[in-house]
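Here's the structure, in structure tokens; my notes come after.
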Amino acid sequence: MNFNSAVKKYYENPNDETLYSVAEELCKELKLGEKLHMLSGHKFFLRNGFDLITKGQKYNCRPCLSGGVKRLGIPPVAFSDGPRGVVMGNSTCFPVSMSRGAAFDDGLEYEIGSAIADEIAAQGGNYFAGICINLLRNPRWGRAQETYGEDPFLLGKMGAALTRAVQDKGVIACPKHYAVNSIENIRFDVNVLADEKTLHEVYLPHFKACVDAGAVSIMGAYNLFRGEHCCESRYLLKDVLREQWGFTGFTISDFLMGVRNAPRALKAGLDIEMPQLMHYATLPLDLKLGKVTVEDIDNSVKSILRGLIKITPRLKYTQKSVVACKKHTDLAERAALEGTVLLKNDGVLPLEGEKKIAVIGRYANKINVGDHGSSSVFAPYTVTPYEGLCNIYKKENIVLSEGTDFSAKENEIKRCDAVILCVGSDYKQEGENLANFSKSDNVTEKAMGGDRYSLRIPKEEVELIHKACRSLDKVIVNIIGGSAYVITEWENEANAILHSFYSGMEGGNALAKLISGKANPCGHLPFTMAKSEEDYPDFLFPSAKTRDITYGYYHGYTLLDKENKKADYPFGFGLSYTDFKFSYIKAKDCGDTVEISLRIKNTGERDGKTVVQVYAGADGDHPVKLLKGFKKLLVKAGETVSAKVVINKDDLKFYNPDTKEWYLADNYTFFVGQNSEDTKAVTL
């Protein structure tokens with residue numbers, strides 16, 4: 001049997017029994033050396049990419065290969081990173097995942113996944129490692145921009161949509177980083193502790209949602225969990241992933257530092273060491289010494305074969321012309337429009353008609369689409385805020401002042417109809433920790449990513465906001481960054497505030513359309529913006545005397561509810577240029593589901609979109625409310641529409657750590673609204 005005959009046999013009767021059978025048969029055809037070759041990447045990832053001489057290559061500029069056996073036609077795993085697009089080549093740079101989380105639209109995420117899969121296939125890949133679904137526990141986390149938010153249900157819905165999309169196109173989906181990964185600067189040695197209830201209800205549901213959606217690969221995390229590296233944790237990789245969830249695919253390590261001990265990792269269920277043979281180089285000797293068995297090796301080989309057999313036959317290698325094609329760049333702009341959140345508006349927005357506008361700040365005309373780590377996408381072009389405004393209002397009507405001192409152009413700026421301040425963060429202040437030894441967020445230091453020491457806008461930018469609000473009329477602040485900020489010291493001074501995240505290659509055009517009223521803001525916060533940095537859970541930096549941290553049951557909006565605190569801007573919050581009224585809210589028991597029905601009236605004069613959010617709460621030691629359903633709807637001006645949100649009862653269950661079973665509470669209250677604090681309660 002070769003790979004093609006195994007695929008043919010599987011697709012004659014595609015079920016798990018057949019899949020296991022053909023993988024078993026194919027594995028028997030492999031020699032020991034071929035089996036071992038299947039278990040590691042081919043080369044050091046920097047050799048695969050960055051080249052100081054040509055300056056035209058970078059990390060993952062072509063697929064990072066692992067495994068493959070030519071003799072039997074078994075293809076290699078051809079890895080491409082993410083998640084804001086395809087890291088290879090000059091691909092479409094979509095808004096970061098956090099922005100897409102703010103869109104609250106899993107249908108849109110499916111479209112983005114389909115586009116990403118096409119661009120991977122066009123560049124020779126068959127594997128997408130860009131489904132980052134780590135929960136945002138504290139906004140200090142440097143890689144927050146790569147995930148979808150603080151809520152497990154939202155993470156699961158968005159991650160599952162991306163998983164289905166890429167695999168429907170024949171590209172293997174890889175959710176990451178499994179699990180409890182949400183601290184960057186000490187990611188290699190932080191040891192996370194969490195009780196069973198917290199782990200299964202808060203930090204794992206979104207991974208299970210992706211497994212249930214069909215994901216055939218999972219990437220382990222760098223950090224430790226209960227004293228074991230995640231890539232060497234039998235509890236995570238076998239007990240939970242395979243035995244409890246029924247995962248049939250294969251696992252890979254995070255790059256370079258994921259594996260520390262080959263026998264431990266292999267026996268725990270870690271199938272592929274990436275990006276090259278390092279610790280797994282000892283496996284032949286480990287086999288002779290009895291530290292591993294042929295059965296251990298075969299188990300991993302069969303897992304890899306199952307994933308390849310199940311998904312890659314669907315793959316159709318597309319033409320390179322699909323990469324960053326107009327359809328995809330238009331999609332990138334639409335994603336930026338859907339994800340931008342309007343936090344405040346005293347009536348100054350939109351700026352319609354012929355206007356003279358000043359755009360100032362560090363990021364007014366700077367390419368700033370996210371961190372420079374493994375998720376960095378090199379788009380063929382990027383539209384800055386200044387360029388986008390020039391496209392809408394004409395270049396001669398736009399006054400540009402870069403940096404944090406607009407004194408040289410102050411008189412000209414004062415004659416403008418409005419001023420837009422572009423502030424926030426960039427790759428120096430937050431992102432994957434590549435070489436960050438800084439002890440502050442000072443952007444003048446030679447830092448590269450890492451966690452944020454402060455949740456506030458940098459001091460010099462706060463001073464810029466104060467000065468602008470004192471001396472100029474109609475000040476609009478556009479926050480650019482990966483997650484939540486504490487903005488209490490200046491928010492009352494600004495006339496309007498937008499949070500546009502890192503909005504991708506078409507972000508400037510999207511911002512201009514929102515500012516001008518050509519589009520109506522409809523993003524909703526995928527996290528809580530608190531009034532104080534102390535309202536978030538504790539966090540660890542390198543200076544801490546310990547590397548142990550306990551992740552508790554409450555965080556984000558569930559923690560504020562428990563402590564009876566109000567957010568500055570609650571989870572799910574987002575304004576529009578129109579208003580919506582919810583009425584006739586009802587809950588109906590439909591057996592395996594609960595159906596929430598309501599009417600939504602657009603009471604304004606503009607068409608707009610809102611997000612119906614359904615939360616559920618139960619008596620006992622549980623959060624007051626948890627997101628369990630959402631739906632984004634377009635409602636035309638003056639119209640009323642009916643809507644239904646269906647809640648799966650399995651999503652309402654709680655975990656009993658003693659019996660290791662899930663159960664339904666006796667009674668539930670459902671909360672329906674446009675954010676986590678502005679809701680109406682309804683019972684069955």
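A donor-acceptor pair is defined here as one N or O able to donate and one able to accept, closer than 3.5 Å; such a pair exists between the side chain of S516 and the backbone of K513. Between the side chain of T329 and the main chain of K326, a donor-acceptor pair closer than 3.5 Å is present. With K601 contributing its side chain and F580 its backbone, the two residues share no donor-acceptor pair below 3.5 Å. For H499 (side chain) and S483 (main-chain N/O), a donor-acceptor pair under 3.5 Å exists by modelled atom type. In this structure, K632 contributes its side chain and T610 its backbone to no donor-acceptor pair below 3.5 Å. Between the S532 side chain and the E534 main chain, a donor and an acceptor come within less than 3.5 Å of each other. Put simply, the side chain of K356 never gets that close to the backbone of R415: no donor and acceptor are under 3.5 Å apart. Distance alone, capped at 3.5 Å, places no donor-acceptor pair between the S99 side chain and the P95 backbone. Proximity of a side-chain donor or acceptor of D151 to a complementary backbone N or O of L155 within less than 3.5 Å is not detected. The main-chain N or O of G449 is never found under 3.5 Å from a side-chain atom of K428 such that the two would form a donor-acceptor pair.
The pair E430-R140 fails the salt-bridge criterion, with no side-chain N (NZ, NE, NH1 or NH2) lying under 4.0 Å from an Asp/Glu carboxylate O. Between E595 and K586 there is no salt bridge, since no side-chain N of the basic residue sits under 4.0 Å from a carboxylate O of the acidic one. Look at R362 and E460 and you find a salt bridge, because one of the NZ, NE, NH1 or NH2 atoms lies within 4.0 Å of a carboxylate O, short of that distance. Electrostatic pairing of E463 and K467 does not count as a salt bridge here, judged by no charged N lying under 4.0 Å from a carboxylate O. Looking at D417 and K355, no side-chain N of the basic residue comes within less than 4.0 Å of a carboxylate O on the acidic one, giving no salt bridge. Contact check on E402 versus K366 returns no salt bridge, with no Lys/Arg side-chain nitrogen under 4.0 Å from an Asp/Glu carboxylate oxygen. At a threshold of 4.0 Å, the pair R606-E352 counts as salt-bridged, since one of the basic side-chain nitrogens sits closer than that to a carboxylate oxygen. Taking 4.0 Å as the cut-off between side-chain N and carboxylate O, K609 and E338 count as a salt-bridged pair. Of the charged side-chain nitrogens involved, at least one lies within less than 4.0 Å of a carboxylate oxygen, so that R143 and E146 count as a salt-bridged pair.
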**Message:** If you apply the rule side chain to side chain contact (heavy atoms under 4.5 Å, CB included), what do you find for K474 with V419, and how did you get there?
**Reply:** CA-CA 6 Å; K474 296 184 179 179; V419 58; over 6 Å; no
**Asked** Taking it one step at a time, do V399 and V359 satisfy side chain to side chain contact (heavy atoms under 4.5 Å, CB included)?
**Response** CA-CA 6 Å; V399 177; V359 54; over 6 Å; no
**Prompt:** Given the rule in the side chain to side chain contact (heavy atoms under 4.5 Å, CB included) test, do I420 and I357 qualify, once you have shown the distances and angles that lead to the verdict?
**Reply:** CA-CA 7 Å; I420 301 169; I357 298 171; 3.8 Å; yes
**Message:** Using the rule given for side chain to side chain contact (heavy atoms under 4.5 Å, CB included), can you reason through L464 versus I360, listing the C-alpha separation, both sets of side-chain angles and the distance that settles it, and then say yes or no?
**Reply:** CA-CA 9 Å; L464 172 66; I360 66 178; 4.1 Å; yes
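Every residue two or more places apart in sequence or in another chain was checked for a side-chain hydrogen bond (donor to acceptor under 3.5 Å, both in side chains) with Y393, and none qualifies. Partners of Y386 by ring-ring contact (aromatic ring centres under 6.0 Å, His included), not counting sequence neighbours: none found. For F630, the ring-ring contact (aromatic ring centres under 6.0 Å, His included) criterion is met by F104, not counting sequence neighbours. Residues forming a ring-ring contact (aromatic ring centres under 6.0 Å, His included) with F541 (at least two apart in sequence, or on another chain): Y453, F539. Partners of F671 by ring-ring contact (aromatic ring centres under 6.0 Å, His included), not counting sequence neighbours: none found. Listed by chain and number, the residues in a side-chain hydrogen bond (donor to acceptor under 3.5 Å, both in side chains) with D535 are K565 (sequence neighbours excluded).
Using modelled atom types and a 3.5 Å distance limit, the side chains of S375 and R84 yield a donor-acceptor pair. Judged purely by distance below 3.5 Å, without hydrogens or angles, the side chains of Y148 and E109 pair a donor atom with an acceptor atom. One side chain, N602 or T578, offers a donor N or O that lies under 3.5 Å from an acceptor on the other. At a cut-off of 3.5 Å, with distance as the only test, no side-chain donor of Y569 or E677 sits close to an acceptor on the other residue. Q613 and Y615 form a side-chain donor-acceptor contact under 3.5 Å, judged by distance and modelled atom types alone. For the residue pair Y502 / N368, no side-chain donor-acceptor distance below 3.5 Å is found, with atom types taken as modelled. In summary, the side chains of H466 and E493 do present a donor paired with an acceptor at a separation below 3.5 Å, with no hydrogens or angles considered. Side chains of N134 and S182: no donor on one and acceptor on the other come within 3.5 Å. There is no side-chain donor-acceptor pair under 3.5 Å between T404 and E461. Side-chain N/O atoms of E150 and H555 include no donor and acceptor closer than 3.5 Å. A side-chain N or O of N495 and one of D346 form a donor-acceptor pair less than 3.5 Å apart. When only modelled atom types and interatomic distance are considered, N520 and D607 share no side-chain donor-acceptor pair under 3.5 Å.
By the 6.0 Å contact criterion, CG on D330 is enclosed, its count of non-hydrogen atoms from other residues, nucleotides or ligands being greater than 12. Within 6.0 Å of NZ in K628 there are more than 12 heavy atoms belonging to other residues, nucleotides or ligands. Atom CD of E639 has more than 12 heavy atoms from other residues, nucleotides or ligands within 6.0 Å.
Taking the side chain as every heavy atom from C-beta outward, Y577 and L342 approach each other to under 4.5 Å. Side-chain contact check for T92 versus V86: every heavy-atom pair is 4.5 Å or farther apart. With a 4.5 Å cut-off on side-chain heavy atoms, P83 and I131 do not count as touching. At a threshold of 4.5 Å between non-hydrogen side-chain atoms, the residues L575 and P521 do not count as touching. Side-chain contact between I465 and V477 is present, with heavy atoms from C-beta onward closer than 4.5 Å. Annotation: side chain of N345 is in contact with side chain of V348 (closest heavy-atom distance under 4.5 Å). Counting only heavy atoms from C-beta outward, the side chains of T528 and L560 approach each other to under 4.5 Å.
What you find for G482 and F501 is that their closest heavy atoms are O-CD2, 4.2 Å. In terms of heavy atoms, S376 sits closest to V87 at O-CG1, 3.5 Å. The two residues K625 and S676 make their nearest non-hydrogen contact at NZ-O, 3.1 Å.
From N397, atom CG reaches atom CD1 of I392 across 12.5 Å, with rounding to the nearest 0.5 Å. Atom-to-atom distance recorded for I600:CD1 and Y584:OH is 14.5 Å, nearest 0.5 angstrom. Rounded to the nearest 0.5 Å, atoms CG (L343) and CD1 (I487) are 6.0 Å apart.
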